[in-house]
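See below for the structure under consideration.
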Amino acid sequence: MPSALINVPARAKRGEIIEIKTLMSHIMETGYRHIASGEVVPRDIITSFTCRYNGAEIFRADLYPAISANPFITFFTTVTESGKFEFEWIGDRGFSETASASILVE
């Protein structure tokens, strides 16, 4: 079962640049591997990651088969007000996972 680990500071000062770290538990099967009988293992990867801050998209990444299992994504943003970060991962075979974290801006 997929699960997300999110690291967002609980507090920050207005205008501060913060680092956000995410890790999604996922096998990320490339679709290039074969089993002993010669059959191809179907591709099963996360294809996109999006982060929204108070509803506005602030970061997006498209992912491809070369990305490792359990993709770790880190990025920076400037915080201007207290609110909520919403994270979304979308992938093959109907995969969809969301998570959120709040921040208090002083």
Side-chain angles (χ1 to χ4, degrees):
M1 179 112 203
S3 64
L5 295 175
I6 306 295
N7 185 314
V8 173
R11 297 172 168 260
K13 293 182 180 178
R14 186 173 313 281
E16 184 176 350
I17 297 172
I18 63 165
E19 183 177 22
I20 297 174
K21 298 176 184 179
T22 69
L23 181 120
M24 173 54 67
S25 176
H26 193 281
I27 61 167
M28 299 293 276
E29 183 59 59
T30 65
Y32 300 125
R33 195 168 59 88
H34 293 75
I35 59 175
S37 66
E39 295 176 56
V40 174
V41 177
R43 187 178 104 156
D44 185 11
I45 67 168
I46 296 172
T47 56
S48 70
F49 168 77
T50 306
C51 177
R52 291 177 184 80
Y53 174 41
N54 290 337
E57 184 177 297
I58 61 165
F59 185 85
R60 173 182 292 269
D62 293 326
L63 307 177
Y64 298 92
I67 300 294
S68 68
N70 306 318
F72 174 74
I73 298 172
T74 183
F75 59 96
F76 296 86
T77 192
T78 304
V79 290
T80 56
E81 60 187 6
S82 296
K84 185 176 183 179
F85 290 96
E86 297 169 319
F87 306 92
E88 180 180 35
W89 295 262
I90 296 174
D92 293 335
R93 307 170 92 188
F95 177 83
S96 179
E97 189 76 23
T98 60
S100 64
S102 296
I103 189 166
L104 177 62
V105 175
E106 304 169 318

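All heavy atoms count here, side chains included; hydrogens, waters and symmetry mates do not. Predicted model, so just to flag it, every value in this text is computed and none were measured.
Here the side chains of E29 and P42 are not in contact, with every heavy-atom distance at 4.5 Å or above. Counting only heavy atoms from C-beta outward, the side chains of Y64 and T47 never approach each other to under 4.5 Å.
Here the CD1-CZ distance, from I73 to F87, works out to 10.5 Å after rounding to the nearest 0.5 Å. Separation of atoms CD1 (I103) and CD1 (I20) is listed at 7.0 Å; rounding is to 0.5 Å. One finds the CD1 atom of I90 at 4.0 Å from the OG atom of S48 (value rounded to the nearest 0.5 Å). Rounded to the nearest 0.5 angstrom, L5 CG and S3 OG are separated by 6.0 Å. For the atom pair SG of C51 and CD of E57, the computed distance is 9.0 Å after rounding to the nearest 0.5 Å. Here OG1 of T74 is found 8.5 Å from CZ of F59. Values are rounded to the nearest 0.5 Å.
F76 shares a hydrophobic cluster with I17; the chain of contacts runs through ILVMFWY side chains whose heavy atoms sit under 4.5 Å apart.
Note on residues 77-91: pairs passing side-chain hydrogen bond (donor to acceptor under 3.5 Å, both in side chains), not counting sequence neighbours, are N54-E81. Within the structure, no pair that satisfies the salt bridge (charged side-chain N to carboxylate O under 4.0 Å, His left out) test touches residues 12-27, not counting sequence neighbours.
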Original post:
Is there a side chain to side chain contact (heavy atoms under 4.5 Å, CB included) between I46 and M28 once you walk through the steps?
Top reply: CA-CA 7 Å; I46 296 172; M28 299 293 276; 3.9 Å; yes

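F49 and F72 are members of different hydrophobic clusters when ILVMFWY side chains are connected at heavy-atom separations under 4.5 Å.
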